[in-house]
Amino acid sequence: MNKPLPVSLEFFPPKTPDGVAKLAAARQALYVMRPQFCSVTYGAGGSTQDGTLQAVQAILAEGVEAAPHFSCIGASRASVRDKLAAFKAAGIRRVVALRGDLPSGYGDAASSEFRYASDLVAFIRTETGGDFHIEVAAYPETHPQAKSPEADLKAFVAKAQAGASSALTQFFFNPDAYFRFVDEARAHGVELPIVPGIMPITNSSGLLRFADNCGAEIPRWVRLRLQSYGDDSASIKAFGLDVVAALCERLRAGGAPGFHFYTMNQAGATLEIARRLKLMA
Ligand code: FAD
């Protein structure tokens, strides 16, 4: 009998009152999975840190641990210090520490007080000691801007050495890329848990666009199948559940320490994958 693995759930901050209500309903449905924590993204699509903080506070008020994503590119040490103090005052004990992407027209990344996520992790540890559990990003298929897979692995090792507590990966559909990445990180002395990020497949065009943007590979056979379904969303969802549940099974069999679900603020697909894997048993 499989032991239930820890799960975490990722949300993005809704921009409208309707979105806030829908997210609250999705969360209530998903809490049956007893998430170890929920995280809330920052910055993507123009969302603000205020939106992130509001969603995080709503989750904390529901009795669930919540972690804001927190990017440092373009930020000053003083502003990061202020945000860490605000997080602490709000009862936040876990953060997802990222470099983030420089918004267009923002200027030169080299002039930022923080250039890489490892700088942010080191700063948080120096400023706040062990007050925060620090999650960092990992890229089993290599970050799109990395000079090489080796350079990206070194960047990951640097985040671990700077004091990260655990890692959440970019989503992927090739488990071998994850297993190899974990093996290589271990060979470099990185012991922290590397939790695979799982993207449920619920629609075709959004996923293909998203994957292109973040450098995640959709295997050819999956891409072709999705394209062949056209507007048939029932077939896309049924196929997507089979693919992602099978991926999770392989990850679990290979020793993954948990799952981080990119819920896209929807409960249905994540819940169905959890049911198939008996994650809430
Ligand atoms: P880093 O680890 O700093 O890496 C960035 C790049 O710099 C990589 O190519 C790396 O190889 C390179 N690098 C790092 N250190 C060095 C060095 N010393 N020398 C040379 N090169 C180096 N984006 C958002 O905007 N909002 C979010 O909420 C968000 N959440 C995310 C959650 C997860 C789990 C993941 C996996 C990604 C998320 N992202 C988010 C995307 C992320 O911000 C981007 O991928 C960003 O481009 C990199 O952030 P990072 O923290 O991984 O950066």
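Note that ligands are numbered from 1 as they come in the structure, with each ligand's atoms numbered from 1 the same way.
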Can you find a side-chain donor-acceptor pair between D131 and T128 that sits under 3.5 Å?
no
Closest heavy-atom pair and its distance - I92, F132
O-CE2, 3.2 Å
If I apply the N/O under 3.5 Å rule, does [X] come out as touching ligand 1?
X: E10; answer: no
X: A97; answer: no
X: H69; answer: yes
X: A117; answer: yes
X: D101; answer: yes
X: H143; answer: yes

Nearest-0.5 Å distance, NZ of residue K237 to CD1 of residue I201
13.0 Å
Between atom OG1 of T16 and atom NZ of K22, what is the distance when rounded to the nearest 0.5 Å?
7.5 Å
Provide the number and element of each atom of ligand 1 under 4.0 Å from a heavy atom of [X].
X: Q170; value: 36 (C)
X: A155; value: 10 (C), 11 (O), 13 (N), 14 (C), 15 (N)
X: L168; value: 34 (C)
X: Q145; value: 9 (O)
X: L98; value: 27 (C), 28 (O), 29 (C), 30 (N), 31 (C), 38 (C), 40 (C), 51 (O)
X: Y42; value: 24 (C), 25 (O), 26 (N), 27 (C), 28 (O)
X: A137; value: 35 (C), 36 (C), 52 (O)

Residues [X], [Y]: salt bridge by 4.0 Å N-O rule:
X: E127; Y: R81; value: yes
X: K154; Y: E150; value: no
X: D242; Y: R276; value: yes

So, 4.0 Å and heavy atoms of Y262: is ligand 1 close enough to count as a contact?
yes
Tell me whether ligand 1 is touched by G100 - counting only heavy atoms on the residue side and a distance under 4.0 Å.
yes
Applying a 4.0 Å heavy-atom criterion (strictly less than), which segment of [X] is in contact with ligand 1: side chain, backbone, both, or neither?
X: K159; value: side chain
X: F171; value: neither
X: Y139; value: side chain
X: R99; value: both

Residues that A246 engages under side-chain contact (heavy atoms from CB on, under 4.5 Å), provided they are two or more places apart:
none
For F171 and Y262, take the angle between the two ring planes, folded into 0 to 90°, and tell me which bin it lands in: parallel under 30, tilted 30 to 60, perpendicular over 60.
perpendicular
Would you please classify the geometry between the F261 ring and the F259 ring as parallel, tilted or perpendicular, with 30° and 60° separating the classes?
tilted
Under 6.0 Å from the CG atom of D231, do we count more than 12 heavy atoms belonging to anything else shown?
no
For residues V244 and M199, determine if any side-chain heavy atom of one lies less than 4.5 Å from a side-chain heavy atom of the other.
no
